[in-house]
Every structure is written in C-alpha cells, then in structure tokens.
2 protein chains.
Amino acid sequence: MSNPKTEKRNFTSHDVAELAGVSQATVSRVFAGNTKVSEKKRKRIMEAAQKLNYRPNAHARSLITRRSMLIGIVMRTIRNPFYSAVLEIFHDRFSKLGYHLIFINSENENVEEWEIHKLLEYNVAGVIISDALLTQEAEDRFRENGIAVVLFNRYTENSENSVVFCDNYLSAKQIATYLVKTGHRNFAYISGPSHTSITMDRLRGFREVLDGRGISNLHIESGDYTYESGFELAQELMTKNKDIDCIFGGNDIIALGVMDAVRMLGFEVPNDVSIIGFDNIRMTNWASYNLTTWEQPLEGMVDNTVAILLDEINGKESRSKMLVMKGRLVIRNTVKSRK
Amino acid sequence: MSNPKTEKRNFTSHDVAELAGVSQATVSRVFAGNTKVSEKKRKRIMEAAQKLNYRPNAHARSLITRRSMLIGIVMRTIRNPFYSAVLEIFHDRFSKLGYHLIFINSENENVEEWEIHKLLEYNVAGVIISDALLTQEAEDRFRENGIAVVLFNRYTENSENSVVFCDNYLSAKQIATYLVKTGHRNFAYISGPSHTSITMDRLRGFREVLDGRGISNLHIESGDYTYESGFELAQELMTKNKDIDCIFGGNDIIALGVMDAVRMLGFEVPNDVSIIGFDNIRMTNWASYNLTTWEQPLEGMVDNTVAILLDEINGKESRSKMLVMKGRLVIRNTVKSRK
DNA sequence: TAATACAATGAATACGTATTCATTATTAAT
DNA sequence: ATTAATAATGAATACGTATTCATTGTATTA
C-alpha cells in the first residue's frame with residue numbers, strides 16, 4: 001500500500017524560516033495573512049518561500065484551526081443540465097472566496113449516512129444540499145458539529161436548515177394564469193416525483209388558478225425529471241386524451257420529451273398543443289424547441305445560498321432562513337393564444 | 001471571522017480510548033484497519049465510538065500519513081453533457097474506493113497555477129485532468145510532489161503523464177469510411193478548437209480516407225463544442241455550399257446544432273444532408289434528433305483511468321502509460337445511403 | 001514445566017501549522 | 001533623555017492521528 005520510495009517530503013514553514021533567518025511563527029504569520037510582520041522580514045520570507053516552492057499544508061492548518069476551507073456540495077442527477085449549471089456557478093463563487101468543493105453525487109433522495117460522515121471527517125466548513133434531502137439524523141449530526149447547511153432548491157417542512165428555492169407555488173400560479181389567459185381549457189401537468197415539495201407546491205398553485213376559473217380539466221402524471229419520462233407520459237396522455245390543449249412540464253427536460261412525443265403523434269406545437277417548461281436551461285433556446293418556460297433566477301439563487309452559508313459559517317446568523325425567490329416567464333414559441 | 005461560540009469540540013480517539021479503557025494507540029489501530037487488536041477490545045472500542053459518534057479526523061490522519069484520500073478532478077465545461085456524465089462516473093468509482101473528489105472547473109484550457117497549488121496544499125493523492133492541459137510547470141510541480149496525474153480524453157505530445165483517450169484518428173477514419181461507403185462525396189467537418197490534439201488527429205484520419213479515394217471536397221470549420229457554434233457554422237457553410245451532402249460534428253452538441261441549422265435552411269436530414277456526431281450523449285437518442293454518432297466507451301475509459309491512477313498512487317507503476325481506446329459507430333437515422 | 005515465539009498493548013513521538021505568552025525592538029509622548 | 005506605549009518576534013505548545021519501540025500477555029513447542 002504505502003510507497004516510501006516516492007514519498008517526497010515537502011518543504012515546511014520551518015524550512016522557509018531557516019532559509020529566511022526567522023522563526024517558524026513569523027512564517028506562519030505571513031501565510032495566515034496576519035499583518036503583524038515587518039515589511040523587511042515579509043519580503044525575505046516570501047523570497048525564501050518562492051525558492052522552495054513552499055505552500056502551507058492545508059491539513060495541518062485545518063487541524064490546528066479546527067476549520068477547513070472545504071465545502072461539501074451534495075447533488076443528485078448531475079447529468080441534469082440544470083444541476084450541471086448549478087454546480088458550475090457554485091464552483092465559480094466558492095472558488096473566488098478561496099473555498100474548495102468536495103463533490104458528492106448522492107444516488108438517493110436522502111443523502112446517505114456514510115456520505116455525511118465523510119464530510120464530517122473532513123471538517124467541512126459548510127454543506128450545500130441540492131435536489132436532495134437530509135435525514136433527521138444527518139441533520140442533527142451536522143448541527144452537533146456546528147456545520148452550516150443550506151438546502152438548495154428543495155425543502156421539507158420540518159427541517160431547521162436554511163433553504164433557498166424558487167417560489168414554486170407562485171410560479172405555477174403565474175404559469176397557469178398565462179395559460180388560462182391565452183385561452184387554454186384542457187390542462188395536463190407532467191410533474192417530477194409526486195411526493196416532493198416542489199411538485200406539491202406547484203400543483204397547489206396550478207390548481208388554485210384553474211379552480212378559480214371553474215376549470216376541472218387537469219390531467220396529472222408524475223415522471224422523474226427525465227426526457228424519457230416526459231416522452232412516455234405525454235405519449236400515453238395524448239393518445240387517451242386528444243383534447244388536451246396544453247401541457248406543463250415539471251422541468252425543461254420533461255417538457256422537451258413531451259414536445260417530441262406530441263410531435264411524433266402528429267400534433268403541431270403550439271398550434272395543436274401548447275407546452276411550457278421550467279428552469280430555462282440552455283437547450284430550451286435551441287432552434288428545434290424554442291420552449292416557453294419559467295426561468296429560475298439561478299445566479300441569484302446561488303449567490304444568496306452562498307451568502308447565507310457564509311453568514312452561518314462565520315456565526316453571524318444562527319437562525320435559519322428561508323429565502324424564496326421569484327422567477328419570470330420566458331416566452332418563446334410553444335404556447336399559442338387560442339382565443 | 002472566527003466564532004468561538006459555536007466551535008464545538010469533536011470527540012477524539014483519546015475520548016474513545018478513555019471510555020473504552022484502552023490506549024489511544026489501540027483505538028487508532030482499530031480505525032486504521034490494523035488487525036492487531038483483540039476482538040474483545042475491538043468490540044469495546046466500537047461501542048464507545050458509537051456512543052460518542054466518533055469519527056477519525058481526516059486532517060490529522062492526512063497530516064501524519066502524508067497521504068490523503070482526496071482526488072482532484074479538473075474539468076472544463078462541466079455544462080457539456082458528456083463531461084457531466086464523466087464526472088458522475090468518476091464520482092461513482094472513486095466513492096466506492098473511499099476517495100473523495102475535489103472538483104475544479106477550470107475556466108481556461110491550461111489549468112491555472114493557483115488551482116494546482118490548491119491541490120498541492122491538500123496533498124491530493126492523485127489528479128485527473130479532463131478536457132484540459134497542464135502547463136509544463138504545473139506538470140513538474142506535481143511530479144516533484146509525487147502526485148499521480150492522468151489526463152483524460154486529451155493529450156499533448158510532450159507530456160510525461162499517463163493519458164487515456166479514445167482513438168480519434170481511427171474513429172475519424174472509420175467515420176469517413178462509413179460516409180464514403182454510403183455514397184457521400186461532399187464533406188464538411190465542424191470541429192472543436194483547431195489546435196487541439198483531438199481535432200488534429202481526427203482531421204488526419206478523416207483526410208486520409210478521403211485522399212485515398214481521391215476526394216478533395218472537404219470543408220473545415222472549427223467551433224468550440226457548443227450548440228451555437230455548430231448552428232452558426234453550419235448555417236454559414238450550407239448557405240455558401242449547397243452541395244455539401246454530409247457533415248461531421250466534432251461532438252454531439254455541435255452536431256445537434258448543425259442539424260437544427262440545416263433543417264432551418266430547409267434541408268432534410270438525412271435526405272439532403274447526412275450528419276454524424278461524436279460521443280453518443282443521451283440527447284442523441286432523443287426523438288427529434290436520432291443522431292448517428294460515434295460512441296466513446298465512457299465507462300471503460302473511466303475505469304481504466306481510475307486503475308492507472310491507483311497504480312501510480314500506490315507506486316506499482318512509475319512509467320507513464322498511454323491508453324488508447326476504441327469506440328464504435330452507433331447508427332441511427334441521420335445518415336442516408338446515397339448510392 | 002520451561003523455553004520460545006508471537007500477538008497484543010501502551011508510552012512516546014512526529015506530522016506542519018496557528019497561536020499564546022513572554023520578550024525585545026521600535027515609536028511616540030513628555 | 002526618559003518613560004510609556006506599541007509593534008514585532010520567538011519559544012513553546014496544541015491540534016488528533018499513526019506508528020515505532022519496548023513491554024506485557026498468551027499460545028506453542030519440547
């Protein structure tokens with residue numbers, strides 16, 4: 001297992017100190033950003049460090065300070081373009097702040113216990129959970145260890161963690177309103193997994209609007225946020241219910257699947273059926289789709305998530321926050337006015 | 001900055017030792033997987049550890065062992081679905097081996113110096129560079145520190161690192177051969193950035209086949225592996241050269257852009273123009289595309305990359321390897337026989 | 001039973017840094 | 001010039017683990 005032959009010893013702050021003719025403590029002060037060092041010595045130290053290619057050891061540093069510059073980022077379905085974008089933006093922000101990301105792709109909806117443990121072992125400064133949930137036990141564990149946690153784009157009623165997400169209820173209301181206003185009468189909603197907060201909130205909003213207009217024609221199917229699920233469910237739905245005149249997809253990927261299925265069946269979009277998605281991923285803008293969709297304010301959501309996490313890390317805020325952001329409708333070419 | 005109030009002290013091996021009535025050394029032996037511990041004490045220790053929710057501190061461990069269980073994974077363009085899949089698979093493999101991933105999304109083609117430094121600070125066991133290159137200096141730095149590096153899907157002539165990629169030369173040859181055999185005569189290749197090994201190798205293979213048949217009709221444009229670049233270049237190309245009967249895209253995303261552009265111009269795919277991609281990402285299978293493409297043996301490439309990296313980490317192999325894998329043609333509906 | 005081999009254990013130490021505390025150099029104030 | 005105040009510095013120590021070395025306990029063999 002071990003291989004002493006190739007184990008090269010790095011230079012340490014002691015080596016730098018010796019070369020610069022100062023104490024290790026002073027070297028440490030320079031690299032920890034402590035200002036209490038004379039310019040003369042600082043310069044000598046930096047030169048020596050340069051010569052030796054010295055870099056402080058992050059593990060030793062974390063050990064003594066009991067804090068690390070690591071952030072755990074837990075995601076599901078990184079293959080979903082929306083979350084790829086999320087990861088990219090989080091990386092950009094944290095990287096600029098000097099933090100590093102330990103990436104974990106959880107297979108299950110509930111982040112597994114051992115994955116939590118690993119993050120605890122590394123003394124991560126904070127954790128972001130995206131598109132997944134923590135078990136009560138895991139949540140407690142983080143709390144015990146004083147590790148900040150923010151849920152991104154997902155929440156549960158009983159969680160005590162801070163959470164940032166897009167107002168699903170309101171978005172769905174506005175989407176429904178738009179569809180009603182444009183003269184649609186036979187609705188379908190192909191959602192993500194049915195038990196999640198996202199799905200339920202949207203359904204509530206959607207239904208509320210329809211109820212308000214006395215519309216009861218709402219077909220509901222729940223997929224799993226994949227193209228295939230959207231495709232198959234739409235195919236089934238449109239075969240049985242040829243009078244459906246608009247379909248709301250739980251995310252853009254579903255909506256694209258829906259769109260292809262509907263077209264395969266010979267319907268025209270939007271002439272025969274209107275389709276609307278959610279997220280505003282890049283592909284919605286592709287020429288063959290041009291999907292009307294709901295834009296989640298991704299950058300803003302990430303920025304706020306980062307800000308909240310940092311506040312909690314630095315102990316500025318101990319109460320958990322719930323930040324609900326609004327999005328906006330992006331109108332392209334998949335919804336037609338039927339008035 | 002610091003926040004002593006919330007700094008909760010974790011339990012350590014000493015605490016466990018005390019509770020179990022043994023020495024810290026013995027606790028350490030249990031958690032380090034050392035077998036030289038009696039069953040009786042092992043049990044007592046595990047119970048005590050359970051009670052205290054003890055977990056060994058990864059930083060202390062890395063400090064003393066001078067090796068970490070961290071792998072740096074450097075990617076560009078995580079938004080590219082191909083690389084999202086790559087990341088997912090790498091995570092799956094390393095996670096099962098007990099390693100953790102520090103994710104770095106490099107903005108530039110050459111991984112920046114400070115990003116390298118960060119990885120060095122964390123004493124990563126190894127590094128995987130995907131779709132990017134190291135400067136000579138960065139390469140040296142890793143070598144000095146005995147950190148294993150494997151390049152994934154990209155190489156340079158003068159690199160001394162191990163590298164795993166798909167045989168671009170051969171793939172392009174086979175693709176060209178297929179297109180020639182199916183009766184195509186006017187070729188276009190919309191590649192990625194022109195100076196990369198990938199692009200050049202493919203071009204060489206492609207051209208070789210055409211030259212062999214005395215075909216000189218090859219239009220070349222280089223994009224940047226985005227849909228937009230494929231779309232625009234194809235639009236331009238097909239407007240000027242209406243006789244082009246097949247287009248090879250540098251990756252699937254480009255090919256999809258090409259496809260949409262060509263259709264927008266009124267051509268039918270594959271009746272008027274054949275299109276072929278590279279990678280076999282999921283979207284190629286979508287109903288509105290059904291793109292014929294070249295499959296990269298993704299899982300196999302990742303498995304081999306992991307294996308090579310582990311060998312180098314464990315010092316089993318010091319010479320660098322170059323593993324060139326073959327892919328296969330996935331025939332769908334975007335190439336038509338013109339004989 | 002005695003002699004031997006071997007397994008199990010603990011004490012002590014090292015890993016490389018940040019930080020406290022005491023000391024010395026420097027500046028400001030009188 | 002003298003004192004007071006402050007800034008800069010170094011020695012020593014702690015962080016939590018793995019590991020060496022010496023010691024004790026246990027099993028094996030003659």
Side-chain angles (χ1 to χ4, degrees), chain A residues 1-4 7-45 48-49 52-70 120-123 145-146, chain B residues 1-4 7-45 48-49 52-69 117 120-123 145-146:
Chain A
M1 275 286 275
S2 83
N3 179 36
E7 255 185 45
K8 307 204 181 173
R9 179 80 161 266
N10 282 354
F11 289 111
T12 73
S13 52
H14 286 99
D15 300 319
V16 175
E18 198 182 337
L19 184 58
V22 301
S23 73
Q24 179 271 331
T26 305
V27 175
S28 170
R29 280 189 263 260
V30 168
F31 281 88
N34 193 317
T35 55
K36 309 241 164 192
V37 175
S38 69
E39 262 322 306
K40 206 176 73 182
K41 295 208 173 181
R42 175 188 306 278
K43 211 177 148 193
R44 281 225 309 274
I45 288 171
L52 301 181
N53 262 326
Y54 167 76
R55 282 263 129 187
N57 179 310
H59 297 295
R61 185 175 264 183
S62 292
L63 183 58
I64 188 73
T65 58
R66 294 223 201 84
R67 50 193 337 253
S68 78
M69 292 301 277
L70 294 171
L120 290 174
E121 286 178 30
Y122 277 97
N123 236 313
N145 291 63
Chain B
M1 274 288 272
S2 82
N3 179 36
E7 256 185 47
K8 305 202 181 172
R9 179 77 161 267
N10 283 354
F11 289 111
T12 72
S13 52
H14 286 99
D15 300 320
V16 175
E18 198 182 338
L19 184 57
V22 300
S23 73
Q24 178 270 331
T26 305
V27 174
S28 170
R29 280 190 262 261
V30 168
F31 281 88
N34 193 316
T35 56
K36 310 240 164 193
V37 176
S38 69
E39 263 320 309
K40 206 175 76 183
K41 294 207 171 178
R42 175 189 304 278
K43 211 177 146 193
R44 281 225 309 274
I45 289 171
L52 301 181
N53 263 326
Y54 167 76
R55 282 263 128 186
N57 180 309
H59 297 295
R61 184 175 266 183
S62 291
L63 182 57
I64 188 74
T65 59
R66 293 222 202 85
R67 50 194 337 253
S68 79
M69 292 300 279
H117 278 310
L120 290 174
E121 285 178 31
Y122 277 97
N123 235 311
N145 290 65

Minimum side-chain heavy-atom gap B:N145-A:R55 below 4.5 Å: no
Among C:dT20, C:dG16, C:dA8, which nucleotide sits nearest the side chain of B:K36? C:dA8
Given D:dA11, is OP1 or OP2 found less than 4.0 Å from the side-chain N or O atoms of A:S23? no
Taken to the nearest whole Å, NE2/A:H14 to P/C:dC15 is 10 Å
State, yes or no, whether a side-chain contact exists between A:N57 and B:N123 at a heavy-atom distance under 4.5 Å. yes
Per A:A60 side chain, nearest of listed nucleotides D:dT20, C:dT17, D:dG10: C:dT17
So do B:E18 and B:F11 actually touch side chain to side chain, heavy atoms under 4.5 Å? no
Does the side chain of B:T26 get closer than 4.0 angstrom to OP1 or OP2 of C:dT9 through an N or O atom? no
Once you round it to whole Å, what is the distance between P of D:dT17 and CZ of B:F11? 12 Å
May I ask you to verify if any side-chain N or O of A:S13 is less than 4.0 angstrom from the OP1 or OP2 atom of C:dT17? yes
What is the distance, to the nearest angstrom, from the CE atom on B:M69 to the P atom on D:dT17? 17 Å
Where the side chain of A:V37 is concerned, which of C:dT17, D:dT9, D:dC15 is the nearest nucleotide? D:dT9
Shortest non-hydrogen contact between A:R42 and A:V37, atoms and distance: NH2-O, 3.7 Å
Would you kindly give the CD-to-C1' distance between B:Q24 and C:dT9, to the nearest whole Å? 12 Å
Per B:R66 side chain, nearest of listed nucleotides D:dA11, C:dG10, C:dC15: C:dC15
Which nucleotide wins on minimum distance to the side chain of B:K41, given the candidates C:dC15, D:dG10, C:dG10? C:dG10
Here the distance between atom P of C:dT17 and atom CG of A:N123, to the nearest Å, is 18 Å
For A:E39 and D:dT9, what is the distance between atoms CD and C1' respectively, to the nearest whole Å? 15 Å
Taking for each residue the nucleotide of DNA chain C bearing the nearest heavy atom, is the 5' side occupied by B:S38 or by A:T12? B:S38
Looking at side-chain heavy atoms only, is the closest gap between A:T12 and A:D15 below 4.5 Å? yes
Over how many whole Å does the gap from B:I45 atom CD1 to C:dT9 atom C1' extend? 10 Å
D:dT17, D:dT9, C:dT17: which one has an atom nearest the side-chain heavy atoms of A:Y54? C:dT17
By nearest atom, which of the nucleotides D:dT17, C:dT20, D:dA14 is closest to the A:R29 side chain? C:dT20
Gap between atoms CG and C1', on A:L63 and D:dT13 respectively (whole Å): 13 Å
